[in-house]
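Presented below is the structure to which this report refers.
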Amino acid sequence: MTDTGFQYVFKIIIVGNTGVGKSSLLLKYTRDIFTTNYEPTIGVDFGSLVVHIPNNNNEHTPVKLQIWDTAGQERFRTITKSYYKNTCGVIIVFDLTNKESFNAIPEWIDSVKQNADPNAEIILIGNKADLDSDYQVTEDEIDDMRRSYDLKYFETSARELDTTSCAFNILGQDIFNKVKESQDIPVGVKKMYDPDNISLDNFPYKKKKKRCCI
């Protein structure tokens with residue numbers, strides 16, 4: 001899928017404790033690569049992918065998901081907060097094999113609500129689903145957390161493209177639905193062009209001055 005001809009750009013940010021697999025999920029989704037030697041993010045990393053989102057006309061709209069991967073270390077939290085601005089989607093990730101990362105979810109949600117646009121879409125991801133024998137979080141605990149904050153929840157493995165794509169694509173679909181329902185372009189969304197309203201008359205041009213030679 002080429003990275004051209006998209007109609008919208010959606011700015012999305014990934015947050016969560018260090019080591020939960022945020023960078024691995026981003027790499028798997030945008031490049032279909034998995035590695036066990038991924039270094040912790042220092043500050044902020046970036047990736048993007050153009051997806052074709054179904055619309056109400058049985059057609060698909062090309063949208064670029066611009067995804068910012070943030071460091072989970074405490075010393076980088078100030079940097080992370082600045083990237084909440086102008087964001088239309090937030091992915092909160094925890095590690096299913098790390099109870100501490102799960103317990104930190106309320107703190108991350110508070111940070112989102114304090115710094116991001118109030119209309120930003122938020123989803124919750126439990127990563128490392130392939131390590132089910134090492135789970136430290138129960139289904140009931142996850143369900144209680146999800147219901148408490150009214151969040152869509154997905155279990156993913158950065159080893160598997162299908163589970164990762166499902167979460168990211170559904171977030172993109174939810175943002176797209178909000179764009180189509182809104183009269184104004186939401187915060188964190190950039191409209192690139194309108195395929196139904198493209199005309200040469202829309203492009204300004206300057207008349208060239210005639211030159212004469214004597």
Side-chain angles (χ1 to χ4, degrees), residues 10-30 40-41 44-45 47 49 51 53 65-74 76-77 80-81 83-85 87-132 134-178 186-188:
F10 296 166
K11 181 184 176 185
I12 296 169
I13 186 172
I14 308 177
V15 299
N17 282 16
T18 185
V20 298
K22 301 186 297 295
S23 299
S24 295
L25 287 173
L26 177 61
L27 187 64
K28 187 64 177 180
Y29 181 63
T30 57
T41 301
V44 176
D45 201 357
L49 183 70
V51 296
I53 298 179
L65 303 185
Q66 187 183 85
I67 307 165
W68 296 86
D69 166 31
T70 63
Q73 298 98 319
E74 184 65 35
F76 293 119
R77 293 290 176 89
T80 298
K81 289 179 180 178
Y83 280 85
Y84 283 116
K85 296 179 180 179
T87 298
C88 59
V90 182
I91 300 172
I92 300 175
V93 183
F94 72 95
D95 179 350
L96 287 160
T97 69
N98 185 314
K99 188 64 173 290
E100 182 180 350
S101 70
F102 176 78
N103 292 336
I105 291 172
E107 181 182 347
W108 285 109
I109 292 176
D110 287 344
S111 183
V112 172
K113 293 186 179 300
Q114 291 172 14
N115 298 283
D117 185 85
N119 295 314
E121 291 287 333
I122 307 171
I123 65 170
L124 179 65
I125 284 182
N127 193 34
K128 305 185 183 180
D130 54 303
L131 304 177
D132 54 322
D134 297 324
Y135 280 14
Q136 293 185 7
V137 186
T138 67
E139 291 184 6
D140 288 341
E141 288 174 320
I142 295 171
D143 198 42
D144 288 343
M145 183 74 74
R146 177 188 64 80
R147 290 185 178 185
S148 295
Y149 294 100
D150 191 25
L151 299 175
K152 286 186 177 179
Y153 171 68
F154 304 88
E155 289 191 357
T156 65
S157 167
R159 297 175 182 271
E160 303 169 3
L161 183 59
D162 288 348
T163 59
T164 304
S165 294
C166 179
F168 283 76
N169 290 348
I170 288 179
L171 175 60
Q173 180 74 67
D174 289 344
I175 296 171
F176 180 76
N177 292 341
K178 183 171 289 186
V187 171

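All values reported here derive from a predicted model rather than from experimental measurement.
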Considering residues, nucleotides and ligands other than Gln136, do more than 12 of their heavy atoms fall under 6.0 Å from its CD?
yes
Show the nearest heavy-atom pair for residues [X] and [Y], with the distance to one decimal.
X: Phe10; Y: Ile53; value: CE1-CD1, 4.3 Å
X: Leu131; Y: Tyr135; value: O-CD1, 3.3 Å
X: Lys128; Y: Val20; value: CE-O, 3.8 Å
X: Glu141; Y: Phe102; value: O-CZ, 3.4 Å
X: Ala167; Y: Ile125; value: CB-CD1, 3.7 Å
X: Gly89; Y: Ala120; value: N-CB, 4.4 Å

Is [Y] close to [X] at the side-chain level, that is, under 4.5 Å between some pair of heavy atoms?
X: Leu171; Y: Ile12; result: yes
X: Val90; Y: Trp108; result: no
X: Val137; Y: Met145; result: no
X: Asp174; Y: Lys178; result: no
X: Phe94; Y: Ile142; result: yes

Indicate yes or no for a side-chain donor-acceptor contact from [X] to the backbone of [Y] under 3.5 Å, with no hydrogens or angles considered.
X: Lys11; Y: Trp68; answer: no
X: Thr164; Y: Tyr29; answer: no
X: Lys22; Y: Asn17; answer: yes

Please round to the nearest 0.5 Å and tell me the distance separating atom [atom1] of [X] and atom [atom2] of [Y].
X: Ser101; Y: Asp95; atom1: OG; atom2: CG; answer: 5.0 Å
X: Asp69; Y: Ile13; atom1: CG; atom2: CD1; answer: 9.0 Å
X: Asp130; Y: Glu160; atom1: CG; atom2: CD; answer: 6.0 Å

Gln173 and Asn169: side-chain donor and acceptor closer than 3.5 Å?
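Their side chains do not contain a donor-acceptor pair, so the 3.5 Å distance test is not met.
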